[in-house]
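When reading the values below, keep in mind they use all heavy atoms of this one structure, side chains included, and skip hydrogens, waters and symmetry mates. Remember, it's a predicted structure, so these values are computed and weren't measured experimentally.
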Amino acid sequence: MPSAVLQRPPQTSTTRPGAPRRTRVLAQAEARWAAAATLAFLLALLLQLTGAPAWVWGPLYAVAYVTGGWEPGWSGLRALREKTLDVDLLMIVAALGAAAIGQVRDGALLIVIFAVSGALEALATARTQDSVRGLLDLAPSTATRLADDGSETTVATADLVVGDTVLVRPGERVGADGRVLDGISEIDQATITGEPLPVTKEPGDEVFAGTLNGTGALRVKVERDAGASVLARIVAMVAEASETKAPTQLFIEKVEQRYSVGMVAVTLAVFAIPLVFGADPARSLLRAMTFMIVASPCAVVLATMPPLLSAIANAGRHGVLVKSAVVMERLGQVDTVALDKTGTLTAGTPQLTAIRPLSGSGATEETLLTRAAAAEHGGEHPLARAIVAAARARDLVLPAAGEFTASPGTGVRATVDGTRVAVGAPARLPAGDPAAAEAGALVTELEEAGHTAVLVLCDGVPAGVLGLADQLRPDAAATVTGLRSLTGRTPTLVTGDNPRAAARLAAAVGITDVRAGLLPQDKVGAVREQEAAGHRVLVVGDGVNDAPALAAAHTGIAMGRAGSDLALETADAVIVRDELTAVPAVIALSRTARRLVVQNLVLASVFLSGLVLWDLIGDLPLPLGVLGHEGSTVVVGLNGLRLLREAAWRRAAQQAR
């Protein structure tokens, strides 16, 4: 029985630049051996039926045995050497046993069907990864690196390192993840983010490896090594997912070993007991071989992984990277969802809307913004990026900041021109400070207007307050509705933002349970509170401060486009294209996969028990037993692979509305 775990596809595949890889049928070794076995069997059968002598068709049956059976037989022997009884070996033994009692044709039929089912499985699992692995073809193999003196060198993209500057000419693909230093152009990044239209890129904007440049030339500073690019992470996540097994599969494999040993013992009994009562040895052996075939748990073993792996592949094609089969199975068990605010329900690209220096601080708007932007320059939070972007838009010169420290959920500290600057949550207001009352009033004013207030302290004294506003994602309300429909519970909003801003946003999307002003540990506490009540919690977030909650939850999903590296690494799944509606869709897809697993287990069990009872109580012909057993295996495999189709994702998306 071939493994249901995805293997690396062969190098011989049909590809064209910008198109997903599609593995050819005969590129699979299993398919070639199965084709040879089938051809030999059909020729032998034709010659036998037309009355040709045995010495003509006999060798052809032998070819079918060898070409179709050597690979599973060798695999079974290796497993036996490791003290594991493999169903592959049992099938080969059964076929050879049939040949030993004169049922050469029936044994060859078993070999052929077994080889064909294995080839179908190998091809399906290779195709499962084709669409996602095809992203590798988008990344160019070379890039133009610029030296300090302006000279150009063509180098392999794998040799680019962080800090290199590359030139991306019109019509070329970007060679590495980085940030634009100079130039303006439109870049088609639909393969990474799903955006249907090209996006204008200017100095300071991020670009991704493999995306297609438009008509302008760009100088890009490399910010990630080739192995850490978005494309590389996609491939790594898919490879990791293909190597994992869901709990259901692990349970089946654990039972399989004991079942196989028991099956061998019963097979020997089916052969030996009738002999005691004077039965014909050939007839007893035929019945025993038939029992070994129909009692083999091939269909049961194949019931679990194809649906889950197909769901992983389909989700990957639609911008959702599920890191393992375990995660795909667990997503369907979720009954409670906790959503972050900034970067999750909102676009994660807030803009500076107000600069309010305190009257007694001596700071002007430009001074306050310059110090705050310089301190935030090393931060990765969306609010930090918005403050820096606002300073750049005003052409402010940002001094170098030293002694930078960041505390997730609290803010940053840095030394700017000899002044110790702290930028972060208003909770930093020092008690009893004369400026605290004025700063508090400004914070209240901004928060009541629906903005996020950020306090700026200079040498421990409040210097001013910055107001920022984020935009709600267009699909946020639909996502909340879909999650409520799937789980039966309205999602919870967990955010470090102020209660007023959080309440305004929650009201806009239909959320009633709002938990605002939370530090990272508070978000973890909220998750554990729900899980203590017996719920399986899904957390959706994007920032460093969401990572602890993502790790603590039953399942965590990170928004990939604006998500921090820590959140992406911690989460169980990543929404690469930043489409929030993909969250309920992948939950619905997981539930469909779980239903197919149950269907497969029931179907396999019915076939197995029916054929076994027929053989033990009645007189099951060997060819019919072969067709019933291998036919059920193929049906179960194909049923699981239904989730590879585009229609499966569309139905999941409709269920999530």
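- Side-chain contact of T290 with R287: a donor-acceptor pair under 3.5 Å is absent, judged by distance alone.
- Qualifying side-chain hydrogen bond (donor to acceptor under 3.5 Å, both in side chains) partners for T38, counting only residues two or more places apart in sequence or in other chains: none.
- The backbone N or O of T481 lies less than 3.5 Å from no partner atom in the side chain of S485, so there is not a single donor-acceptor pair.
- A 4.5 Å side-chain heavy-atom check between I575 and V320 finds at least one atom pair inside the cut-off.
- Among Q530, H554, E531, R489, the single residue meeting the side chain to side chain donor-acceptor pair (under 3.5 Å) criterion with T336 is R489.
- Under the rule for a side-chain hydrogen bond (donor to acceptor under 3.5 Å, both in side chains), Y65 has no partner lying at least two apart in sequence or in another chain.
- L603 is not listed as a side-chain neighbour of S632, based on a closest heavy-atom distance of 4.5 Å or more.
- Under the 4.5 Å side-chain criterion, counting only non-hydrogen atoms from C-beta, R645 is in contact with R651.
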Legend entry - L45 and Y61: CA distance, side-chain angles, deciding distance, side chain to side chain contact (heavy atoms under 4.5 Å, CB included) verdict: CA-CA 8 Å; L45 180 63; Y61 278 133; 3.9 Å; yes

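- Sorted by first and then second residue, the salt bridge (Lys or Arg N to Asp or Glu O under 4.0 Å) pairs with a member in residues 597-625 read R283-D619; sequence neighbours excluded.
- Contact of the F607 side chain with the V636 side chain is not registered, since no non-hydrogen atoms from C-beta on lie closer than 4.5 Å.
- Between R594 and Q333, the closest side-chain pair of non-hydrogen atoms falls below 4.5 Å.
- The CZ atom of R536 lies 13.5 Å from the OG1 atom of T487; values are rounded to the nearest 0.5 Å.
- Judged by distance alone, with hydrogens and angles left aside, the side-chain atoms of S590 form a donor-acceptor pair with the main-chain N or O of G332 at under 3.5 Å.
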